[in-house]
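What you see below is based on every heavy atom in this structure, not just the backbone, and it leaves out hydrogens, waters and symmetry mates.
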Amino acid sequence: MPAEPFPDNWTYLKTELAWLDRLLSLAVAQQRKDTKEVNQLARSTADRVTSHWWKGLVTLEGEISSDSPVDMPRRKSTAKGSHQQQMAARILASQQQGIVLGIPLLSDRLQLTPFERTLVLLALAPEINRRYGRLYNYLQNIEQSNAPGLPTVDLILRLCCRTEVEWRSARQCFTTSPLIHHHLLELPSTQQESLLTRPVKLCDALVTYLLSEQPAASRLDTLLPSSLCLLHTQDPAPASPTPWASLVLPPSLLMAFQHLCHRVHTAAHVDRALGSSTAGSIALLVGAAGTGKTAAADAIAQALQTPLVWVDLALVHPADHPRLLAEILHQD
């Protein structure tokens with residue numbers, strides 16, 4: 001039976017939130033059960049620290065957390081797997097009908113992992129209903145009435161990870177994810193706390209986009225800094241009989257650069273003879289900062305008498321490389 005497409009973005013979000021409700025209900029029930037068992041046995045603070053240590057529960061001064069990312073009891077994952085498969089089919093059916101869905105579009109653009117997509121949903125939920133903030137506070141044992149109701153890195157890892165391998169991989173996302181790179185995900189810090197205790201918050205502009213009735217791709221483009229601004233264009237320098245004179249290079253590397261120029265020049269000559277043209281040539285120069293990569297690129301462009309466009313790939317997230325390449329090839 002063909003999957004039913006989502007009629008709009010809000011229907012999609014409500015379906016995702018229904019799954020989140022089930023996930024949080026299981027987590028709340030488990031925490032209540034574990035807390036009750038500890039309270040029944042504990043007679044002092046020392047008892048609370050040592051009670052059920054094998055379950056990963058550490059209770060110190062009334063605060064409960066998970067001592068291990070893998071010790072928290074888990075339910076079977078077949079339902080979640082089925083949910084993900086059904087959602088993927090419905091999302092695809094929606095896309096085929098031209099219906100734009102915020103989180104899937106963001107995920108496709110940044111090539112997010114399943115964990116990163118769930119991370120976006122968990123961070124977005126308190127922006128839709130304060131009830132999620134109260135649930136997060138309960139699961140994090142926060143009782144202050146003015147608490148922000150944001151999930152911490154630790155809570156998200158405990159909710160989403162079933163194995164130590166998953167936990168380690170997911171934790172790295174909080175430093176390497178394109179969501180962090182593009183400043184779409186914020187981890188407010190006082191510089192005196194560990195990564196696990198930091199709250200997770202989506203930037204306001206992304207929240208507005210994800211909650212819009214029609215999250216158009218053009219609006220998403222405004223949230224993702226274009227790599228075009230990282231491109232540097234130079235007109236061809238005056239011809240010089242010795243474009244390599246200013247470079248201090250090993251003979252083998254200098255010969256490689258000169259061979260590259262010869263190949264490009266020959267290819268251009270062949271194209272002219274055939275009445276065709278190419279979009280240009282791309283070279284990747286690798287080396288530590290200050291080793292002369294830009295100077296070498298300038299010498300190559302000068303030898304070929306061609307405009308030079310260069311970019312520092314260290315400033316570009318790998319997920320943006322295809323878009324960057326397209327922008328370079330369409331440079332006038």
Exercise for review: From the options Leu20, Leu211, Leu119, select the one residue that forms a side chain to side chain contact (heavy atoms under 4.5 Å, CB included) with Leu124.
Suggested key: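 Among Leu20, Leu211, Leu119, the one that satisfies the side chain to side chain contact (heavy atoms under 4.5 Å, CB included) with Leu124 is Leu211.
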Rounded to the nearest 0.5 Å, what separation is found between the [atom1] atom of [X] and the [atom2] atom of [Y]?
X      : Y      : atom1 : atom2 : value
Leu210 : Arg219 : CG    : CZ    : 10.0 Å
Trp19  : Leu121 : CH2   : CG    : 6.5 Å
Trp310 : Ile282 : CH2   : CD1   : 16.0 Å
Gln258 : Leu249 : CD    : CG    : 9.5 Å
Gln84  : Arg117 : CD    : CZ    : 7.5 Å
Leu112 : Thr118 : CG    : OG1   : 10.5 Å

Cluster link [X] to [Y], ILVMFWY, side chain under 4.5 Å:
X      : Y      : answer
Leu195 : Leu179 : yes
Val120 : Leu187 : yes
Leu196 : Leu122 : yes
Leu304 : Met255 : no
Phe6   : Leu92  : no

Check whether any side-chain heavy atom of [X] sits under 4.5 Å from a side-chain heavy atom of [Y], and report yes or no.
X      : Y      : value
Glu127 : Leu206 : no
Gln140 : Asp154 : no
Leu220 : Arg109 : yes
Val100 : Tyr12  : no
Asp8   : Ile99  : no
Tyr138 : Leu24  : no
Cys261 : Trp244 : yes
His262 : Thr266 : yes

Check your understanding: With a cut-off of 6.0 Å (strictly less than), are more than 12 heavy atoms of other residues, nucleotides or ligands near CZ of Arg130?
Key ->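 Open: at most 12 neighbouring heavy atoms sit under 6.0 Å from CZ of Arg130.
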Review point. With a cut-off of 6.0 Å (strictly less than), are more than 12 heavy atoms of other residues, nucleotides or ligands near CZ of Arg263?
Key: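 No - once you tally the heavy atoms of other residues, nucleotides and ligands closer than 6.0 Å, there are 12 at most.
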Restricting to non-hydrogen atoms, name the atom on [X] and the atom on [Y] that form the minimum distance, rounded to 0.1 Å.
X      : Y      : result
Tyr136 : Gly149 : CD1-O, 3.5 Å
Asp204 : Lys201 : OD1-NZ, 2.9 Å
Ser177 : Glu116 : OG-OE2, 2.8 Å
Glu166 : Cys160 : OE1-O, 3.8 Å
Gly102 : Pro215 : N-CG, 3.5 Å
Ala170 : Leu157 : CB-CD2, 3.5 Å

Exercise for review: Enumerate the residue pairs fulfilling salt bridge (Lys or Arg N to Asp or Glu O under 4.0 Å) with a member in residues 179-190, sequence neighbours excluded, ordered by first and then second residue.
Suggested key: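 Matches after skipping sequence neighbours: none remain.
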Check your understanding: Step by step, would you call Phe257 with Ile300 a side chain to side chain contact (heavy atoms under 4.5 Å, CB included)?
Key -> CA-CA 7 Å; Phe257 285 154; Ile300 293 171; 3.9 Å; yes
Exercise for review: Kindly determine whether Val153 and Thr197 satisfy side chain to side chain contact (heavy atoms under 4.5 Å, CB included), including the steps that lead there.
Suggested key: CA-CA 6 Å; Val153 172; Thr197 61; over 6 Å; no
Review point. Hey, is the main chain of Gln172 close enough, under 3.5 Å, to the side chain of Thr176 for a donor-acceptor pair?
Key: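 Yes; judged by distance alone, with no hydrogens or angles, the pair exists.
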Exercise for review: Decide side chain to side chain contact (heavy atoms under 4.5 Å, CB included) for Leu202 and Leu185; before the verdict, give the C-alpha distance in whole Å, the side-chain angles of both, and the deciding distance to 0.1 Å.
Suggested key: CA-CA 5 Å; Leu202 298 179; Leu185 188 72; 3.5 Å; yes
Practice item. For Leu106 and Leu184, run side chain to side chain contact (heavy atoms under 4.5 Å, CB included): C-alpha distance rounded to whole Å, both residues' side-chain angles, the deciding distance at 0.1 Å, then the answer. Key: CA-CA 11 Å; Leu106 175 70; Leu184 300 176; 4.0 Å; yes
